[in-house]
Number of protein chains: 2
Amino acid sequence: MNDGGGNSGKKQARRPSTERTAQRDPERTRAAILEAATREFAENGMGGARVDAIAERAGTNKRMLYHYFGDKEQLYLKVLEEAYVGIRTAERALHIGDRSPEEGIGELALFTWRYFLQHPEFLSLLGTENLHRARWLRQSIRLKELHSHLIGELSQVLERGKKQGVFIETADPLHVYLTIASLGYFYLSNQYTLSTIFGRDLIEPANLNAWESHIVHVTLASIKR
Amino acid sequence: MNDGGGNSGKKQARRPSTERTAQRDPERTRAAILEAATREFAENGMGGARVDAIAERAGTNKRMLYHYFGDKEQLYLKVLEEAYVGIRTAERALHIGDRSPEEGIGELALFTWRYFLQHPEFLSLLGTENLHRARWLRQSIRLKELHSHLIGELSQVLERGKKQGVFIETADPLHVYLTIASLGYFYLSNQYTLSTIFGRDLIEPANLNAWESHIVHVTLASIKR
DNA sequence: CCATCAAGTAACCGTTTAGTTACCGGCTTG
DNA sequence: CAAGCCGGTAACTAAACGGTTACTTGATGG
């Protein structure tokens, strides 16, 4: 868009900075930009996020942002990738196969709900990315196999439950995961419009706990024989 | 932002329009702007939507947009209100109380799913509005009672089912509706990231039909005795 | 102890954006 | 039947935006 050629040499000498320079720390600056970007993109979406705002939140300036991440779009993709790595990593530590099939599924449902509850920025980022039809996520190569582990482990738990006669034969791993994620995602990401139109504060602890139980109840009721 | 004072009289005379003037039709222009705005806001969110793009899509210009709707924010709120009126109006025509309790709930689940499927712009608008924590919806007074009818009718159907002994006593109308909406909303609004990470095209008709059955199955399984 | 390179700053640039103004002309009505 | 209101056009503006450039400063290895 801006080729930058043809105006070199026009600049006048600028007033040099005489202020005290803060300690240098590339890693810290990089991390600060990433965290600030996560918040800015989560709060305002891709179209609404402001590069200046990210730099200011990170306590640095735009130059460093472009230095470390290329441009706004690449920074956004990095933020999104990190968000996915976060949930999938925590998920692996669960080891849902170590318990009985019923407890394993219940554990996954509880974990997912609580992770969503504690990471609202992850939900926002998903919403933003889907608004754009996964335009940036599709460009990410490193994420393809990150998710297969989940389905694999879930599939094993379901098979074991079927053999033990506690789960119905038609239970599908992807459907089970989508059910769990649906119930958590919708309640939290749409809490603002829902609370407004139904006149009930969904984020109130009592309602939150009721919905947590509800998710586990619905998930298990849908696959139990 | 722009007080408009202090530069009057500076303008030169402009070249008057000599082109043929199109037929005048205030209602059509207004409706065209509203429809164009619905698409633009749904595709790009509040931050990403461009006023120029809306005007162009509507086959008119910005002046008319500001003339009829005030500014970008008021236009957005109008779009959102119309979207809610659309689904709630269609919902009323269902009369879920006319059938058996089980059929009534199944009918509501099917309707909601199919409405979401046919109105992706409604889902996008909800996502956008929630990103901004219902900032604009909260300002809308006329929508408060639009939704109470739904819960009222659903509540009656559930009560009848409980008396007949087919539904569990703990079944809650809001929870039932949120369950139905969750399963439809998440699957469709997040279809792009989900299809990407799980390597399965969720919008394919076979998958769509399977999920439709799944929603009805899950909803009923969660409330049946 | 100095040459060099990465970290950092802030002004700057071209473009885009929401919103406005000057002007036009068909239709209605007193 | 004229006068003025209302639907409509396009050029305009100030500010904001993403991105770049000119330049400074600290650390470090030969």
Side-chain angles (χ1 to χ4, degrees), chain A residues 1-33 36-37 40-41 44-56 58-77, chain B residues 1-33 36-37 40-41 44-76:
Chain A
M1 273 173 203
N2 191 354
D3 63 2
N7 63 346
S8 56
K10 285 203 311 184
K11 300 269 172 71
Q12 276 101 353
R14 282 150 190 174
R15 181 176 51 81
S17 164
T18 50
E19 291 167 24
R20 189 187 63 81
T21 305
Q23 276 184 22
R24 292 183 171 202
D25 192 338
E27 273 316 304
R28 217 173 62 87
T29 301
R30 215 191 112 97
I33 292 171
E40 177 72 10
F41 283 124
N44 302 104
M46 179 62 180
R50 298 290 159 243
V51 172
D52 290 279
I54 294 170
E56 201 191 318
T60 179
N61 56 67
K62 283 193 290 184
R63 177 62 229 268
M64 290 294 94
L65 190 154
Y66 285 98
H67 179 64
Y68 288 120
F69 297 98
D71 63 8
K72 188 185 180 184
E73 301 199 11
Q74 288 178 68
L75 174 58
Y76 168 77
L77 178 56
Chain B
M1 276 174 199
N2 190 355
D3 63 3
N7 64 345
S8 56
K10 286 203 309 183
K11 300 268 172 70
Q12 277 99 354
R14 282 153 190 171
R15 180 176 52 79
S17 165
T18 49
E19 291 167 26
R20 189 186 64 81
T21 305
Q23 275 184 22
R24 293 184 170 201
D25 192 339
E27 273 316 304
R28 217 173 63 87
T29 301
R30 214 190 115 97
I33 292 171
E40 177 73 10
F41 283 122
N44 302 103
M46 179 61 180
R50 298 290 160 244
V51 173
D52 290 280
I54 295 170
E56 201 189 319
R57 281 181 136 163
T60 179
N61 58 66
K62 284 193 290 184
R63 176 63 227 271
M64 289 296 94
L65 191 155
Y66 285 99
H67 179 62
Y68 287 121
F69 296 98
D71 63 9
K72 189 185 179 183
E73 301 198 13
Q74 287 178 68
L75 174 58
Y76 167 78

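So you know, we letter chains A, B, ... as the sequences are listed, proteins then strands, and number each from 1. Computed over heavy atoms, backbone and side chain alike; hydrogens, waters and symmetry mates excluded.
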- D:dT9, D:dG18, C:dA18: which one has an atom nearest the side-chain heavy atoms of B:R50? C:dA18
- Does D:dG8 have OP1 or OP2 sitting under 4.0 Å from an N or O in the side chain of B:T29? yes
- What is the nucleic acid contact for B:A49, judged by heavy atoms within less than 4.0 Å: base, sugar-phosphate only, or nothing? sugar-phosphate
- Note on the structure: Overall bend of the helix from C:dC1-D:dG30 to C:dG30-D:dC1 (five pairs an end, 10° steps) is 10°
- Atom CZ of A:R30 and atom C1' of C:dA6: how far apart are they, to the nearest Å? 15 Å
- Please give, in whole Å, the distance from C:dA18 P to B:I54 CD1? 8 Å
- Task: Answer with yes or no whether B:K62 presents, from its side chain, a donor or acceptor under 3.5 Å of a partner atom in the base of C:dA18.
- Result: yes
- Within residues 63-72 of chain B, the residues having a heavy atom closer than 4.0 Å to DNA chain D are B:R63, B:M64, B:H67, B:Y68
- Query: Taking only residues two or more places apart in sequence, or in another chain, which ones meet A:R30 in a salt bridge (charged side-chain N to carboxylate O under 4.0 Å, His left out)?
  - Reply: none
- Query: Rounded to the nearest Å, what distance is computed from the CD atom of residue A:E56 to the P atom of nucleotide C:dT9?
  - Reply: 13 Å
- Can you sort out the partners of B:E56 under side-chain hydrogen bond (donor to acceptor under 3.5 Å, both in side chains), two or more places apart, ordered by chain and number? none
- Counterpart residues, ring-ring contact (aromatic ring centres under 6.0 Å, His included), relative to B:Y76 (two or more places apart): B:F41, B:W136
- Distance below 4.0 Å between A:N61 side-chain N/O and C:dA10 OP1 or OP2: no
- Message: Restricting to side chain to side chain contact (heavy atoms under 4.5 Å, CB included), what partner residues turn up for A:D52, sequence neighbours left out?
- Response: A:K62
